[in-house]
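Each chain gets a letter, A, B and so on, in the order the sequences are listed, and its residues count up from 1. These figures come from a predicted structure and were not determined experimentally.
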Number of protein chains: 2
Amino acid sequence: MTKPRPTGTTRIQREKRQAIFDAALDVFSENGLRGATLDQIAARAGLSKPNVIYYFEGKEAIYKELLESLLDIWIAPLIELSDSDEPIEELLAYVRRKLDMSRDMPRESRLFATEMIQAAPHIREVISGPLKTLMDEKAALIQGWMDAGRLAKSDPYHLIFSIWATTQHYADFDVQVRAVLAGQDPFDTAPDFVETLFRRMLTPLG
Amino acid sequence: MTKPRPTGTTRIQREKRQAIFDAALDVFSENGLRGATLDQIAARAGLSKPNVIYYFEGKEAIYKELLESLLDIWIAPLIELSDSDEPIEELLAYVRRKLDMSRDMPRESRLFATEMIQAAPHIREVISGPLKTLMDEKAALIQGWMDAGRLAKSDPYHLIFSIWATTQHYADFDVQVRAVLAGQDPFDTAPDFVETLFRRMLTPLG
DNA sequence: GCACTACTTGACCATTTGGTCAAGAAATTT
DNA sequence: AAATTTCTTGACCAAATGGTCAAGTAGTGC
């Protein structure tokens with residue numbers, strides 16, 4: 001028998017659970033699951049440690065629920081990628097959305113990055129299940145565009161990987177990027193660069 | 001007064017310290033500094049915990065010395081990037097070396113990635129000092145090629161970032177990449193893709 | 001106001017973990 | 001082989017940490 005937890009959705013429950021999620025996102029994205037402590041999360045949420053445990057089963061449960069609640073948001077841009085008369089613009093819009101997410105949701109990006117680097121023990125099934133299915137679907141869409149000559153030919157999977165890599169880099173390695181750029185805001189210049197990069201990659205030759 | 005540590009370089013000291021570094025690279029790259037334990041490191045090195053402390057000041061010291069000892073190796077490819085009659089081939093060779101490192105040294109890649117994601121508290125000075133200087137130098141080299149019309153114009157800093165991002169992605173997100181590719185070895189197909197990507201990006205238009 | 005439920009927390013506990021220490025086992029030197 | 005130094009570890013400790021619990025404090029419906 002697990003201890004009873006609040007299941008309803010009173011105002012107070014929504015607020016406190018949200019506060020815990022916010023705090024947990026801060027802490028987990030900075031230190032990973034193992035490096036984070038309940039005390040840190042509780043302090044940053046403005047709650048006592050037992051109070052946090054009142055709302056969640058424990059540290060691991062917070063982490064897992066947080067990851068799962070963010071997964072949908074995280075892959076939404078890829079889901080939105082759909083057939084279009086202008087495949088290049090469609091893909092560049094995807095690139096732009098991903099770059100916007102790196103700018104506006106860096107903690108989420110780092111959270112997923114850390115989870116992936118550590119072999120994704122908590123979302124492995126999602127990755128090799130629904131995410132793979134989604135990737136196959138979108139790769140087929142892109143392949144179709146390539147076959148129709150509307151897009152330069154290349155490997156659709158690696159294309160998506162390279163979009164992920166270049167855009168997420170600005171969130172995950174923010175410190176390094178900013179140190180090297182010495183004060184200049186990366187997001188002032190990155191959009192133009194990545195657009196150029198992928199436009200050249202996608203545009204069929206002459 | 002800090003406790004005396006072995007300073008000489010006897011055979012046994014070299015071997016044991018190396019064994020600890022190897023084990024630490026495993027453990028730190030999987031869990032980060034805070035997520036790793038001395039017991040894990042000791043066990044994987046085949047030593048007792050006090051024995052590990054005999055060779056290093058402590059957990060943090062192992063981490064820091066490991067990071068620093070790997071830094072040189074890690075940035076060596078960028079140092080090697082130098083002036084050439086064929087700038088595109090020179091840069092593509094750099095891309096290839098970085099991709100080879102992702103394939104052959106994934107633990108090192110993940111170690112640095114985790115450190116960066118966590119705001120690089122242990123190598124910040126290196127990043128904003130020597131690494132920035134190196135980047136400025138290489139960016140100027142690349143800018144020179146662009147000004148001479150031998151390379152398509154773009155932002156040299158972002159160009160290097162995108163090379164880092166795309167190549168390191170295959171090491172850091174190995175699990176995800178392999179899950180999506182369903183058994184196919186990423187490194188069979190990645191080299192061609194990244195070469196195409198950057199060749200198109202670098203080749204001046206008509 | 002009263003009864004009842006939802007919420008909150010100080011004090012506490014068991015385990016994990018970074019690190020110490022004294023004493024012994026191997027090497028090495030003389 | 002005796003003396004000396006280097007290496008090794010079982011037992012131990014203090015702090016950190018995930019989690020519990022009983023007792024109390026708000027809310028809420030009547």
Task: Spacing of B:I41 atom CD1 relative to C:dG19 atom C1', expressed in whole Å - done: 13 Å
Task: Polar side-chain contact A:K59-D:dG19 base: donor and acceptor under 3.5 Å - done: no
- [ ] Send over the distance from B:N31 CG to C:dT16 C1', rounded to a whole Å.
- [x] 15 Å
TODO: Establish, for the pair B:K153 and B:W145, whether the NZ or CZ atom is under 6.0 angstrom from the six-membered ring centre and no further than 45 degrees off its axis.
DONE: no
Open item on the list: Rounded to whole Å, how long is the line connecting atom CD1 of A:I20 with atom P of D:dG19?
Closed with: 13 Å
- [ ] Could you check which of C:dG18, C:dT8, D:dT8 has an atom nearest any side-chain atom of A:N51?
- [x] C:dT8
TODO: Just call it for B:A36: base, sugar-phosphate, or nothing, with non-hydrogen atoms closer than 4.0 Å on any strand.
DONE: sugar-phosphate
- [ ] Among the candidates C:dT17, D:dT20, C:dT20, find the nucleotide nearest to the side-chain atoms of A:P50.
- [x] D:dT20
Open item on the list: Using whole Å, what does the distance between atom C1' of nucleotide D:dG10 and atom CG of B:L47 come to?
Closed with: 15 Å
- [ ] Calculate, to the nearest 0.5 Å, the distance between atoms CG and CZ belonging to A:L91 and A:R199 respectively.
- [x] 11.0 Å
TODO: Quickly work out the B:E15 CD to C:dA26 P distance and round it to whole Å.
DONE: 17 Å
Open item on the list: Distance check, rounded to the nearest 0.5 Å: B:S154 atom OG versus B:I142 atom CD1?
Closed with: 8.0 Å
Task: Cation-pi, B:F56 ring and B:R17 (6.0 angstrom, 45 degrees) - done: yes
Open item on the list: If I take atom NZ in residue A:K49 and atom P in nucleotide C:dC12, what distance separates them, rounded to the nearest angstrom?
Closed with: 14 Å
Task: B:R34 vs D:dT17: side-chain N/O to OP1/OP2 distance below 4.0 Å - done: yes
Open item on the list: With a 4.0 Å limit, can you tell me whether A:Q13 has a side-chain N or O closer than that to the phosphate oxygens OP1/OP2 of C:dC7?
Closed with: yes
Open item on the list: Nearest whole Å is fine: how far is C:dT16 P from B:D39 CG?
Closed with: 10 Å
- [ ] Measure the distance from OH on B:Y55 to C1' on C:dG19 and round it to the nearest whole Å.
- [x] 18 Å
Open item on the list: Measuring to OP1 and OP2 of C:dC7, would you say a side-chain N or O of A:Y54 lies under 4.0 angstrom away?
Closed with: yes
Task: Any side-chain donor near an acceptor of the partner, B:H169 and A:Q168, under 3.5 Å - done: no
